[in-house]
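To start, the structure under review is shown below, and the notes come after it.
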Amino acid sequence: MTNHEVAQRFQQIADTLEVQGENPFKVRAYRNAVEAIERLVEPLDEIERRGELEEIPGFGEAITAKTRDFLTKGTTKLYEQIKNAVPPGVLKLAAVPGIGPKTARALWESAGVKSVEEAEAAAKEGRIQTAPGFGAAKEKKLLEAINRGRRLSERLPLWTALPYVERLAAELAARPEVVRAEAAGSARRHRDTVGDLDIVVATNDPAATEKAVAGLSGVTEVMESGRAKVAAMTDIGMHLDVRLGRPEDFGALLHHFSSGQAHNIALRELAESMGLKINEYGVFDAKTGAERFQGEDEAQVYTALGLPYIEPELREGRGEIEAARRNALPRLVTEADFRGQLHEHTTWSDGTASVRQMAEAAIARGYEYLAITDHSHSLQIANGLSRERLLEQLDEVAAVRRELPAGFTLLTGIEADILADGSLDCEEDLLARLDIVVGSVHIRHKEDEAAMTARVVRALESPYLHILGHPTGRLLGKREPFPLDMEVVIAAAVRTGTVLEINASPDRMDLNDLYAHRAKQQGARLTVNADAHSTTGLGSLRWGLYMARRAWLTPEDVVNTYPLQELRRVLKPRTA
DNA sequence: GCCGTTTTCGGCCCGACTGTTTTCAGTCG
């Protein structure tokens, strides 16, 4: 059974127990297990083989035993007991935002409602408002929740959600009574996909700001509205939460709504052990209620707890608080650390800028080097380079290089297709001449996991391959990742000295944060590249940088932050 | 069900908004 399948079963257990009214902390324990499993890169089988299941955070005696059952028998006693206890439609109803487990159960038990459709029909016939605990208003809200649920988008890619929420925040910030307005939530943590939008606002007139939310461009409906919070629906199908506060509370407010739930829970538990209490208004002495700081500075929350500042990207409850307490937080890589990029295209294949234009754009960005890596021959849809055209391009690169200022180096290269058998789509004598060889899978990517993994591993074993480009091939919202055993791929990258790319194309962000973090843990080197197809495309680096930072990467982990001599030293030596 | 610089038992983050239950439960983040 795969990790995802085990996680789904624990999810189903949690959802069912919740509708059944079980102890909420037990439900949380199962949900924590789901999250812990979803962030594993290594298969549970492997971890079990080493006898280390119980070391997974959130895995105690019971969940370890049940996981073992799933792995060996495909099921476990509790799962068999609960799987038919609640109709699937009731679980779906409970999952509609705004409805919830208690309401779904009440409708099921008192009105016989067993699905979203039945709930809708019953509400339309006015049969809900007569049920105990319900009224006309609640019946109306139920219908609205069901309708809104249908318009709700799946999680959106960050590159869609972040500019959108930043624009709304800027609209609010422009208001006279607003002191500050910032995008918060998972968008500020730079998760690769975003499930809802959060904005925090420091305002001198909460009533006026509250009203203004309805008039923001893109807001289609206000669902809840109060002095501290407005919940709205937007035209991109995302919920928007705007939180309002006094300017002197802004630091605490921004912190609270920028951090993942697991981070906040862990932080508040730490505060409690120190005799302190944290909420979105500040840090307080638990006994006297005395406030420990005031102001707009988010970092003060950590200062009040005796901790160094924790960057938003790290606030996911993945051990960052423990690391902060040990003063062992990573010095996260920043945009200013980059000395160049190693995977870019020109008009020689499917780019829009010439070799010279790309070089000049790189110089303008302050880079010390740039590699030109156009597509290889077999990717004809992208005007891939034949042997003859690649040789011509090398002449042009050499000519341009001579005219560029000293201190900048234009590197030759190619993005060679990894063919179905794992070989590189370029002759060896050519590969041997190039400074940078990126290898990527573009075609025939629907094979099974074993075949895909073997294919990529064979490519990694090539003495010519420096960098594995966009390793999982995902396109956010459009294409799932290839079926790949990333644990095996990472191990092969470490063994062969091949660098793994975090491709920064906004719709790729590939490797993602989990894989990049695992790669770092296993001792792999990484590189972040825009995979630019234009001069402005070089600026897309930031989307990959976000993944790198979420993966706890430091400049030492990312080879294109190195000076050129150092970069050349760490690239795979040509031993063939 | 998990977990332990107080604890192997008794806790488990904390607050906003809504509706209808006149004192709070449900949902959300």
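Because the structure is predicted, anything quoted here is derived from the model rather than measured. Sequence lines set the chain letters: A, B, ... in the order given, protein chains first and strands last, and positions in each chain run from 1. These numbers come from the heavy atoms of this one structure, side chains and all, not from hydrogens, waters or symmetry mates.
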Could you work out the separation of [N] and [M] based on their [atom1] atoms and round it to a whole Å?
| N | M | atom1 | value |
| --- | --- | --- | --- |
| B:dC2 | B:dT6 | P | 23 Å |
| B:dT5 | B:dG1 | C1' | 24 Å |
| B:dC13 | B:dG4 | P | 14 Å |
| B:dC17 | B:dT23 | P | 22 Å |
| B:dT8 | B:dT22 | C1' | 43 Å |
| B:dT21 | B:dG10 | P | 37 Å |
| B:dG15 | B:dC9 | C1' | 28 Å |
| B:dA16 | B:dG11 | C1' | 25 Å |

Should [X] and [Y] count as side-chain neighbours, where that means a heavy-atom distance under 4.5 Å?
| X | Y | answer |
| --- | --- | --- |
| A:Glu182 | A:Val165 | no |
| A:Thr75 | A:Lys83 | no |
| A:Glu35 | A:Gln261 | no |
| A:Lys140 | A:Gln129 | no |
| A:Leu267 | A:His255 | yes |

Handout entry: Polar side-chain atom of A:Glu46 near backbone of A:Pro43 as donor-acceptor pair, under 3.5 Å
Key =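 Not a single qualifying donor-acceptor pair exists.
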Exercise for the section: Check for a donor-acceptor pair, side chain of A:Thr220 on one end and backbone N or O of A:Met233 on the other, with a separation under 3.5 Å. Expected result: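 At least one qualifying donor-acceptor pair exists.
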Completion exercise
Given protein heavy atoms under 4.0 Å, the one-letter contact record of nucleotides 19-28 of chain B, with B base, S sugar-phosphate only and - none, is simply SSB----SSS
Completion exercise
Each nucleotide of nucleotides 3-10 of chain B classed B (base within 4.0 Å of a protein heavy atom), S (only sugar-phosphate) or -, in 5' to 3' order, makes S-------
Exercise for the section: For a side chain to side chain contact (heavy atoms under 4.5 Å, CB included) with A:Asp241, tell me which candidate from A:Val213, A:Asp198, A:Val200 qualifies. Expected result: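 Among the candidates, only A:Asp198 passes.
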Just the rounded figure in Å: distance from [atom2] of [N] to [atom1] of [X].
| X | N | atom1 | atom2 | result |
| --- | --- | --- | --- | --- |
| A:Leu270 | B:dC14 | CG | P | 12 Å |
| A:Leu305 | B:dC13 | CG | C1' | 13 Å |
| A:Arg31 | B:dG29 | CZ | C1' | 14 Å |
| A:Glu210 | B:dT18 | CD | C1' | 14 Å |
| A:Glu280 | B:dA16 | CD | C1' | 8 Å |
| A:Glu18 | B:dG1 | CD | C1' | 14 Å |
| A:His263 | B:dC14 | NE2 | C1' | 15 Å |
| A:Met223 | B:dT18 | CE | P | 11 Å |

Exercise for the section: Under 4.0 Å between any heavy atoms, over every strand shown, what does A:Phe257 touch: base, sugar-phosphate, or nothing? Just pick one. Expected result: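 If one applies the 4.0 Å heavy-atom cut-off, A:Phe257 turns out to touch nothing in the nucleic acid.
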Practice task
Give A:Asn264 one of three labels, base, sugar-phosphate or nothing, depending on what nucleic acid heavy atoms sit under 4.0 Å from its own.
Solution key: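 The residue A:Asn264 makes no contact with any strand.
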Problem - B:dG1 base / A:Asn23 side chain donor-acceptor hit below 3.5 Å - result: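 Counting by modelled atom types and ignoring angles, a donor-acceptor contact under 3.5 Å is found here.
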Handout entry: Base-pairing assignment for B:dC28 (Watson-Crick or G-U wobble, both under 3.5 Å)
Key =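 WC or wobble partner is B:dG15.
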Problem - A:Arg268 side-chain N/O to B:dG15 phosphate OP1/OP2 under 4.0 Å - result: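 False: A:Arg268 side-chain N/O out of range (4.0 Å or more) of B:dG15 OP1/OP2.
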Handout entry: Side-chain N,O (A:Tyr281) to OP1/OP2 (B:dC13) below 4.0 Å
Key =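 Negative; the distance criterion is not met.
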Handout entry: Proximity to DNA chain B (any heavy atom under 4.0 Å), residues of residues 61-71 of chain A only
Key =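 Those residues are A:Glu61, A:Ala62, A:Ile63, A:Lys66.
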Exercise for the section: Please check if atom CH2 in A:Trp159 has more than 12 non-hydrogen atoms from other residues, nucleotides or ligands closer than 6.0 Å. Expected result: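 No.
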Problem - Within 6.0 Å of CD in A:Glu480, more than 12 heavy atoms from elsewhere - result: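 Open: at most 12 neighbouring heavy atoms sit under 6.0 Å from CD of A:Glu480.
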Practice task
Could you walk me through whether A:Tyr546 and A:Arg550 pass side-chain hydrogen bond (donor to acceptor under 3.5 Å, both in side chains), step by step?
Solution key: CA-CA 6 Å; A:Tyr546 295 154; A:Arg550 287 180 56 83; over 6 Å; no
Problem - Toward the 5' end of DNA chain B, by each residue's nearest nucleotide, A:Glu269 or A:Tyr30 - result: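 Result: A:Tyr30.
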Exercise for the section: Answer yes or no for A:Arg167 and A:Tyr164: cation-pi contact, defined as NZ/CZ to six-membered ring centre under 6.0 Å and angle to ring axis within 45°. Expected result: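 Satisfied, under 6.0 Å and within 45°.
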Exercise for the section: Measure from NZ or CZ of A:Arg9 to the centre of the six-membered ring of A:Tyr79, then state whether that distance is under 6.0 Å and the direction lies within 45° of the axis. Expected result: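 The answer is yes, since A:Arg9 meets both limits relative to A:Tyr79.
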Problem - Shortest side-chain distance from A:Gln261, nucleotide among B:dG15, B:dG29, B:dC2 - result: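 Minimum distance to the A:Gln261 side chain belongs to B:dG29.
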